[in-house]
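Positions are given from 1, in the same order as the sequence printed here.
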Amino acid sequence: MAPAGEGLRRLGVPASNIVMRNCRIVNGHQMMAIGSELSAGIENVLVDDCHFVGSGKLSEGTTVPMNNLLFVKTNERGGGYVKNIHMSHVTATKLEGGVLAVATDVLYQWKTLLPTYERRLTQINDIYVRDVGVGIAKFRCSNTWGN
C-alpha cells in the first residue's frame, strides 16, 4: 500500500477551477483550507460572498471555533504548487486565528515518525484577498515556514 499521496503524485493532476460562493457558515475550523497534500498542485480557486455567521457552538454544547478564513498548509515532502487563489466579499464575526494563514511544515504525526528523504517544497504564488470584514481576530496574516 502506498503512503498517502503517492498515487496522486504519480498521476500529477492538479485540483483546479474550484468555486465556493454564497455560503453561510455556522462552525468549522477554516472557511477555506488548501492542503496539506499538494503533490500535484491546486490552482484557480475562488471564494466569494461567504460569511461565517456562527459562534462556533454546536447544538450539543461543544465548540468548533473558526480559526482562519483562508488557510494554506503544505509540507516539505509534497511538492506541487498553490496558485491563483482569490477570496473576496467575505466576513466573519470572530476568528481564533486570522484572515490568511500559511503553514509550510504541516506533517502532523508524520513529522517525527518518518524522516524526510527528499525535500519537495511547494511553490505558493498569486493569493489575492480583498473586501474582507472581521469583527475579532488574533491576526490579519501569518506564516509558519518549515526548517
Side-chain angles (χ1 to χ4, degrees), residues 1-54 56 63-147:
M1 183 172 178
E6 279 300 314
L8 295 174
R9 191 173 293 120
R10 280 193 291 268
L11 287 176
V13 178
S16 61
N17 303 322
I18 298 165
V19 176
M20 182 173 136
R21 182 176 277 151
N22 301 323
C23 297
R24 301 302 175 262
I25 301 164
V26 295
N27 62 52
H29 296 292
Q30 321 293 338
M31 181 176 281
M32 170 60 80
I34 296 174
S36 57
E37 178 51 58
L38 294 165
S39 57
I42 185 164
E43 61 190 356
N44 305 330
V45 175
L46 172 67
V47 179
D48 183 62
D49 191 27
C50 291
H51 309 280
F52 174 60
V53 297
T63 301
V64 181
M66 179 68 70
N67 290 323
N68 304 293
L69 292 181
L70 178 56
F71 184 36
V72 178
K73 51 187 178 170
T74 72
N75 64 66
E76 66 181 14
R77 299 177 186 180
Y81 60 86
V82 175
K83 67 180 182 180
N84 201 27
I85 311 299
H86 294 261
M87 177 176 271
S88 59
H89 308 104
V90 173
T91 62
T93 50
K94 180 181 178 185
L95 299 174
E96 295 295 316
V99 174
L100 171 62
V102 177
T104 61
D105 62 350
V106 179
L107 287 167
Y108 303 110
Q109 75 274 15
W110 301 108
K111 190 170 196 167
T112 56
L113 291 175
L114 295 171
T116 299
Y117 295 109
E118 179 183 348
R119 292 184 76 197
R120 297 180 181 142
L121 302 180
T122 302
Q123 294 181 19
I124 301 172
N125 299 301
D126 305 323
I127 296 177
Y128 304 96
V129 178
R130 67 181 178 90
D131 296 326
V132 172
V134 177
I136 299 170
K138 288 187 180 174
F139 56 83
R140 289 183 187 151
C141 181
S142 171
N143 61 49
T144 306
W145 308 113
N147 296 338

With sequence neighbours excluded, what pairs up with Asp49 under the side-chain contact (heavy atoms from CB on, under 4.5 Å) test? Asn22, Arg24, His51
Would Ile18 and Ile42 count as a side-chain contact (heavy atoms from CB on, under 4.5 Å) if you check the C-alpha gap in whole Å, the side-chain angles of each, and the deciding distance to 0.1 Å? CA-CA 9 Å; Ile18 298 165; Ile42 185 164; 3.8 Å; yes
Less than 3.5 Å apart, any donor N or O on the side chain of Glu96 or Asn67 sitting next to an acceptor on the other? no
Atom pairs and distances, donor-acceptor, side-chain atoms in residues 123-140, under 3.5 Å, two or more places apart:
residue: Asp126; atom: OD1; partner: Tyr128; partner atom: OH; Å: 3.4
residue: Asp131; atom: OD2; partner: His89; partner atom: NE2; Å: 3.3

Quick one: CG on Asn68 to CG on Leu95, what's the gap to the nearest 0.5 Å? 7.0 Å
Minimum heavy-atom separation for Ala103 and Phe71, please, with both atom names. CB-CE1, 3.9 Å
Test: ring pair (Phe, Tyr, Trp, His ring centres under 6.0 Å). Region: residues 20-48. Which pairs qualify, not counting sequence neighbours? none
Euclidean distance, Met32 CE relative to Leu70 CG, rounded to 0.5 Å: 8.0 Å
side-chain contact (heavy atoms from CB on, under 4.5 Å) partners of Leu46, counting only residues at least two apart: Val19, Arg21, Asp48, His86
How would you list, by chain and number, every residue that makes a side-chain contact (heavy atoms from CB on, under 4.5 Å) with Ile25, sequence neighbours excluded? Met20, Cys23, Met31, Phe52, Met66
Can you see which heavy atom on Pro14 is nearest to which on Ala40, and at what distance? CB-O, 3.6 Å
Least distance between heavy atoms, Val99 atom then Leu69 atom: O-CB, 3.4 Å
Going by heavy atoms in the side chains, are Val53 and Thr93 under 4.5 Å from each other? no
